[in-house]
Amino acid sequence: FPVTIASPSVPIPADGDGVWLATGWGLTAMAEMCSILGDAVPPELLAKLKEQAREEIKRICVDWRDRRPWFVKSNNSVTNQWIEPNIGLVRACLFLGDAELLPAYNLGVENLLASLAAHGERGEFLEGVSYAEMSLRGLHEVSELMRLSGDTRAAGSGFGANNWKWFAQMHLPGGLLVNCNDSKMSVLPDYSTTVPLSAFSSGALAVGSTSTSDLEFLYPNPTPIGSIDALKYADFLASNGSAGPSQLSTFAHFPGQEMVVWRSRFEPIVGPQSAFALWVKGGTVRENHIHREQGHLTIVVGNRIHLS
C-alpha cells in the first residue's frame, strides 16, 4: 500500500494511507510516454495502460472523498504531496479524453488551482528549490496541456507567470543555490550547469518571449544531456535564440517566504564569477520545511561563500 506517513510512532492503517507522490509520477510518466511514442505503443499494452489509468483516477477521487491522505485531512495544498497526485489525475483524464471523467478532471483542476493560489503571486514555491524541481515541471506542463485543450483556468495565475523569475533568483554566483526550506541542492548538479533545471526551463518556456532572452543569457551554450527537458531547451534555443543583457532585477523580495535576494549583477551560470550576492530569510506560517531558518543570512562573492 502507499505510505506517506513518515513518523514511526503513527500506525499505518490496514488498507494503507492513500495515494501519494508515486501515484502522480506513475500517471504522468504513462501519459507522457504514450504521447511521445504514439502509434509505437502496442494496442494490447495501450489498452492495459488505459485500464490502469482509470483505476488510479478512481483511487485518487475516492481518497479525496474519504480524506484518507494526511495532506487531504489537513487541506495542505502547499505540499508537493498534494500537488503530484493531482498533476497525475489531470494528465490521466486528458490522456483518456473521456467525457465521463469530467468530474474527476475538475477535481484535479480545482485542487491544482488551490495549490497555485497557496504559493506566492511572485512565483515563490513555499517548499524551496529541491521540492520545486521535484514537482513544478509537471505543474507547468499540465497547465499548458489544459490551455491547449481549451481550459484556461490555470493560465492566468501569478505564480505560473512568475515562477521562472523565482528560479532565476535562486541561482547565486559560482553555481550555488538558495538552499532554504530543507533543500539539499546547495550547488547546481553537474547535469544542470549548461541547461536549466527542468522545472526552471518548463516554467520559462511556458511563459514564452518575456523570459527566453534571460534564460539564454544564463545558459547560452546548452549541452543537451540527461533529460527530455534539456533537449527541449536546446531545440528551443536553436530556433529562438535572442540573448541580450539580462533584464532580471538584481533585487527580489518574496513575501510568501519573507525572503530577500540581492546581487550586484547576473552572470552566465558557466564562466568567470565575480558578482556579490546575498540572501536573507525570515519566515511565514504558510511554509513547509522551514526548520530554524528565520534570520538566516548567506553572503557569496564569486565562487566563494563568505558567510552563512
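Predicted, not measured: the structure shown is a model, and the values here were computed from it.
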Worked check of salt bridge (Lys or Arg N to Asp or Glu O under 4.0 Å) between Glu56 and Arg59 = CA-CA 5 Å; Glu56 298 297 340; Arg59 187 172 290 115; 3.0 Å; yes
Check against side-chain contact (heavy atoms from CB on, under 4.5 Å), Val261 and Met170 = CA-CA 8 Å; Val261 184; Met170 296 302 99; 4.1 Å; yes
key: Trp70/Thr79 under side-chain contact (heavy atoms from CB on, under 4.5 Å): CA gap, chis, key distance, verdict   = CA-CA 11 Å; Trp70 70 266; Thr79 177; 4.1 Å; yes
request  = Test side-chain contact (heavy atoms from CB on, under 4.5 Å) on Asn221 and Thr194 and set out the steps.
outcome  = CA-CA 6 Å; Asn221 299 301; Thr194 66; over 6 Å; no
query = Run the side-chain contact (heavy atoms from CB on, under 4.5 Å) check on Leu218 and Phe200 step by step: do they pass?
reply = CA-CA 12 Å; Leu218 295 174; Phe200 182 16; 4.1 Å; yes
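No hydrogens or angles considered: a donor-acceptor pair under 3.5 Å links the side chains of Glu267 and Ser274. Judged by distance alone, the side chains of Glu84 and Trp25 do bring a donor and an acceptor atom under 3.5 Å apart.
Separating the CG atom in Asn80 from the CG atom in Leu126 is a distance of 12.0 Å, to the nearest 0.5 Å. Annotation: the span from Gln257 atom CD to Cys180 atom SG amounts to 5.0 Å, rounded to 0.5 Å. With rounding to the nearest 0.5 Å, the separation of CG in Leu21 from OG in Ser135 is 7.0 Å. To the nearest 0.5 Å, atom CD of residue Glu32 and atom CG of residue Leu145 are 9.0 Å apart. Between the OG atom in Ser202 and the CZ atom in Phe167 there is a gap of 7.5 Å [rounded to 0.5 Å]. The NE2 atom of His253 sits 12.5 Å away from the CD atom of Gln169 when rounded to the nearest 0.5 Å.
Here the closest non-hydrogen pair linking Leu176 and Ile305 is CD1-CG1, 3.5 Å. Residues Ser183 and Val129 come closest through the heavy atom pair OG-CB, 4.1 Å. Across all their heavy atoms, Asn179 and Ser186 have their closest contact at ND2-CB, 3.6 Å. Annotation for Val90 and Tyr105: closest pair CG1-CE1, 3.6 Å, computed over non-hydrogen atoms. Minimum interatomic distance between Val270 and Thr193 (heavy atoms only, all atoms of both residues): CG2-O, 2.9 Å. In plain terms, the two heavy atoms of Leu197 and Ser192 that are nearest each other are N-OG, 3.1 Å.
We find that Arg147 and Glu144 are joined by a salt bridge, their nearest charged nitrogen and carboxylate oxygen being less than 4.0 Å apart.
For the pair Leu116 and Arg153, the minimum side-chain heavy-atom distance is 4.5 Å or more. In this structure the side chain of Asn86 never reaches within 4.5 angstrom of the side chain of Val142, judged on heavy atoms. Phe95 places a side-chain heavy atom less than 4.5 Å from the side chain of Met30. Using a 4.5 Å heavy-atom threshold, the side chains of Leu96 and Ile57 count as touching. Within the 4.5 Å cutoff, the side chain of Leu177 has heavy atoms near those of the His171 side chain. Annotation: side chain of Pro268 is in contact with side chain of Phe217 (closest heavy-atom distance under 4.5 Å). Contact check for Phe254 versus Val178: no side-chain heavy atoms found under the 4.5 Å cut-off. In this structure the side chain of Arg54 reaches within 4.5 angstrom of the side chain of Leu101, judged on heavy atoms.
Ser201 places no side-chain N or O within 3.5 Å of a backbone atom of Pro196 that could act as its donor or acceptor partner. In this structure, the side chain of Thr298 does not engage the main chain of Trp279 through any donor-acceptor pair within 3.5 Å. Not a single donor-acceptor pair under 3.5 Å links the side chain of Thr250 to the backbone N or O of Arg265. Between the Glu133 side chain and the Ser198 main chain, a donor and an acceptor come within less than 3.5 Å of each other. Checking side-chain atoms of Ser249 against main-chain N and O of Ala252 turns up no donor-acceptor pair under 3.5 Å. With hydrogens and angles disregarded, a donor-acceptor distance shorter than 3.5 Å links the side chain of Asn76 to the backbone of Val78. Checking side-chain atoms of Asp214 against main-chain N and O of Gln247 turns up a donor-acceptor pair under 3.5 Å. In terms of modelled atom types and a separation under 3.5 Å, the side chain of Glu258 and the main chain of Gly256 share no donor-acceptor contact. Side-chain atoms of Asn303 never come within 3.5 Å of backbone atoms of Gln273 as a donor-acceptor pair (strictly under, hydrogens ignored). With hydrogens and angles disregarded, no donor-acceptor distance shorter than 3.5 Å links the side chain of Ser143 to the backbone of Ala154.
Linking ILVMFWY residues whenever their side-chain heavy atoms come closer than 4.5 Å, directly or via other members, leaves Leu113 and Leu148 in distinct clusters. Leu27 and Leu46 fall within a single hydrophobic cluster, where Ile, Leu, Val, Met, Phe, Trp and Tyr are joined by side-chain heavy atoms under 4.5 Å apart, directly or via other members. Cluster membership check: Val62 does not share its hydrophobic cluster with Leu89, using side-chain heavy-atom separations under 4.5 Å among Ile, Leu, Val, Met, Phe, Trp and Tyr.
A centroid separation of less than 6.0 Å is found between the aromatic rings of Trp64 and Trp82.
When the options Lys58, Arg68, Lys73 are evaluated for a salt bridge (charged side-chain N to carboxylate O under 4.0 Å, His left out) with Asp63, the one that passes is Arg68.
By the 6.0 Å and 45° rule, Arg263 stacks over the aromatic ring of Phe266.
Ring pair His119/Phe159 is tilted by interplanar angle, where 30° to 60° counts as tilted.
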